[in-house]
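Single-structure report; data block below.
Each chain gets a letter, A, B and so on, in the order its sequence line appears, and its residues count up from 1. Quick note: numbers below take in every heavy atom, side chains included, and nothing from hydrogens, waters or symmetry partners.
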Amino acid sequence: MPQTQQNAPRVRTRFPPSPTGALHLGGARTALFNWLFARHHGGDFIFRLEDTDRERSKDEHVDSIIQAMEWLGLDWDEGPHYQSRRFDRYRQAIDQMVARGRAYWCHCPPERLQGVREKALAQGGKPMYDGCCRDLGPGPAPGAVVRFRGPREGHTGWKDLVKGPISFDNAELDDLVILRSDGSPTYHLAVVVDDVDMAITHVIRGDDHVSNTPRQILLYQALDSPIPQFGHVPMILGGDKTKLSKRHGATAVIAYKDMGYLPEAMLNALARLGWSHGDQEVFSRQELIDHFGLEAVGKGAAVFDPDKLLHLNAHWIQHSPPQRLAAALPPFLAARGVERFDEATLLAAIPHLVPRTKTLLELAEWAEPYLVDEVVMEPQAAAKFLTAAQAPVLERVAAMVERLGVAESAALEAGFKDLAGDLGIKLGGVAQPVRVALTGRTASPGIFEVMVILGQARTLARLGRALKMATSAG
RNA sequence: GUCCCCAUCGUCUAGCCAGGUCCAGGACACCGGCCUUUCACGCCGGCGACACGGGUUCGAAUCCCGUUGGGGACGCCA
């Protein structure tokens, strides 16, 4: 459903994380929105790594971010581009601005800057650079930086795609550093040059960037470059309404993969955080692409709700083909010590397990009894249901299975009811000991379903073993 | 402190732009019930919000102003 107008430039968005940590929920949502916007409009999604901070940028973070993007299925059309490889280009842009008087060298030592800020703050103003070197006109020197020469009057504004019109008084903006004393460009300069060179048409980012936007717009103008459209999406907050951080539990998206979440659930949850489409709650990847638009993004910050993610995960697990689930399960099974198992058995069991499962972790837990040779008896369950008093039940059920097999569920159920009647107990009185015998637990899918998946031989073997435990239990 | 942004159930939100059909709808969570061989799924029901104060108007969740509250930014981090 591309809606690109003939004369409008092709939509190009980008996701530019700085590799100083893992991809967290907020970053993932920003990536998602950019990706959705590009896909919806049939445009391009560019992936870029903002690693101009050589101290904090790490290769391992690059790898983990890419891993998270791939897990979510956010594929990019170009990149990853690395800012660290484009320093010459930035330097060229800076030199050009200096040559044209749009930027100037500044020799102010850090201590002086510090003092200027403190003084401004003390006087009730904003801590800004006072423009000391602005008209002094010193040239380059070791330890000097280059600052952008911003206008002191007028105002700079734009029509934000999610927030509406926003405007800043230029007097509120100080002359920001664009070249560090070590010769590297700063963030503001690098993003603008990159977005210009990469022909980005829409900058969709967290609203912690709104106050950066006027300065960047000024930079575009100084570079005589077209200004992209901006859309600032509200931030994601933790349960205590403060900026999401490690304190709020798992914030790295990739951690959710290991906790047994499906990427479609994560995508669904992230999209609904801030964006909506009427009352619809569940969206497939394609539906997200079809319906996504910045005009439907809310303006207020949102709190991430783990319960809702869990609910969505349960939904997507229930709506996944068994094969897909089986393919994702081995790591979770292995974590439980189940390395080798019969795949057909797993596939047969999954449909019965899925309604009581919210994560792949739980699915592996439910699946275990079907896949191991000898079930692990939960002590509490055995103590309650595998007693001498229940031995006759197990004995007679075994005889029944011997005679009828496991395929005749209706006949077995009738047999169970007769047995319960004979013994003067409820149906549960028969079913529970059998359940524990077959699965080692007090909770499982329907007991006749379990038997079918186990097959007659294994059902009988487990009944036999349980009978031994029961008779010797006293 | 200064500037910018925001404000509907505990949480995510619909409604707001084009005021009445909203004593505000959906979802998650929670509570109760039904179903039932266990645990779930499912179904039914319940609890629960327009931050406050002014104004405009016949009429405001919706428009305007103010207050309060919250968030963000103010780096040679991004």
Side-chain angles (χ1 to χ4, degrees), chain A residues 16-20 50-53 55-57 83 106 110 113-114 117 120-129 143-147 160 163-164 166-169 171-174 176-182 184-188 190-191 205-214 232 234-235 237 239 241-243 269 272-282 295-296 298-312 314 318 352-358 366 381 385 413 416-417 420 426-432 434-436 439 441-448:
Chain A
S18 109
T20 52
E50 310 217 322
D51 56 349
T52 57
D53 185 339
E55 292 288 302
R56 301 198 298 145
S57 297
Q83 290 190 326
C106 170
L113 264 23
Q114 182 72 22
R117 282 191 207 103
L121 215 43
Q123 291 177 346
K126 195 182 278 193
M128 306 196 299
Y129 175 58
V145 300
V146 172
R147 282 180 188 274
D160 196 90
K163 305 242 181 196
I166 300 179
S167 176
F168 285 78
D169 192 327
E172 292 291 333
L173 280 19
D174 62 357
L176 79 192
V177 171
I178 55 177
L179 182 74
R180 298 190 184 100
S181 54
D182 68 357
S184 64
T186 59
Y187 159 73
H188 288 285
V191 238
R205 66 212 325 188
D207 73 3
D208 46 338
H209 281 288
V210 303
S211 52
N212 290 331
T213 305
H232 288 95
M235 320 211 10
L237 272 23
K241 301 253 188 188
T242 64
K243 201 167 176 174
R272 280 291 287 103
L273 249 197
W275 173 80
S276 62
H277 181 67
D279 282 340
Q280 190 171 341
E281 298 285 351
V282 175
E295 63 291 331
K299 297 180 184 183
V303 173
F304 175 70
D305 182 4
D307 281 334
K308 198 137 186 179
L309 203 218
L310 188 61
H311 172 260
L312 250 9
Q318 284 176 44
H352 301 293
L353 270 20
V354 126
R356 53 213 89 209
T357 290
K358 289 186 192 297
W366 282 109
F385 293 106
E413 185 165 356
F416 268 47
K417 281 179 178 158
K426 290 192 215 164
L427 188 49
V430 176
Q432 282 306 79
V434 175
R435 190 183 313 285
V436 174
T439 68
R441 309 174 189 178
T442 54
S444 83
I447 196 64
F448 305 115

Inter-nucleotide C1' distance (B:A40, B:A51), Å rounded
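Comparing C1' positions in B:A40 and B:A51 gives a spacing of 40 Å.
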Provide the distance between the two P atoms, one in B:G46 and one in B:C28, to the nearest whole Å.
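Nearest-Å result for B:G46 against B:C28 at atom P: 15 Å.
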Go nucleotide by nucleotide along RNA chain B from the 5' end; which of A:G274 and A:I166 gets its closest nucleotide reached first?
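By nearest-heavy-atom nucleotide position, the 5'-most residue is A:I166.
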Mapping A:M235 and A:A296 to their closest nucleotides on RNA chain B, which lands nearer the 5' end?
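That would be A:A296.
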Send over the distance from [X] [atom1] to [N] [atom2], rounded to a whole Å.
X	N	atom1	atom2	result
A:L310	B:A40	CG	P	14 Å
A:Q318	B:A40	CD	P	14 Å
A:R56	B:G75	CZ	C1'	11 Å
A:L237	B:A7	CG	C1'	13 Å
A:D207	B:G70	CG	P	17 Å
A:M128	B:C74	CE	P	14 Å
A:H277	B:G15	NE2	P	11 Å

Only pairs with both distances under 3.5 Å count, Watson-Crick or wobble alike; so what is the partner of [N] in this structure?
N	value
B:C52	B:G66
B:G1	B:C74
B:A40	none

Got a sec, which residues hit side-chain hydrogen bond (donor to acceptor under 3.5 Å, both in side chains) with A:Q114, two or more places apart in sequence or on another chain?
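Residues passing side-chain hydrogen bond (donor to acceptor under 3.5 Å, both in side chains) with A:Q114: A:E118.
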Just checking A:N212: base, sugar-phosphate only, or nothing, at a heavy-atom cut-off of under 4.0 Å?
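A:N212: base contact, heavy atoms under 4.0 Å.
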Can a side chain N or O of [X] be found less than 4.0 Å away from OP1 or OP2 on [N]?
X	N	result
A:S276	B:A14	yes
A:R117	B:U2	no
A:T52	B:A78	yes

Nearest heavy-atom neighbours spanning A:E413 and A:F448
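Answer, listing the atom of A:E413 first, then A:F448: CA-CZ, 3.5 Å.
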Tell me, please, which residues at least two apart from A:H209 pass ring-ring contact (aromatic ring centres under 6.0 Å, His included).
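Partners of A:H209 under the ring-ring contact (aromatic ring centres under 6.0 Å, His included) test: A:Y187.
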Where along nucleotides 23-37 of chain B does protein come under 4.0 Å, by heavy atom, of base (B) or sugar-phosphate alone (S), with - for untouched nucleotides?
--BBBBS-------B
Give a yes/no verdict on base stacking between B:A78 and A:H209: centres under 5.5 Å, planes within less than 30° of parallel.
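Yes, aromatic ring over the base.
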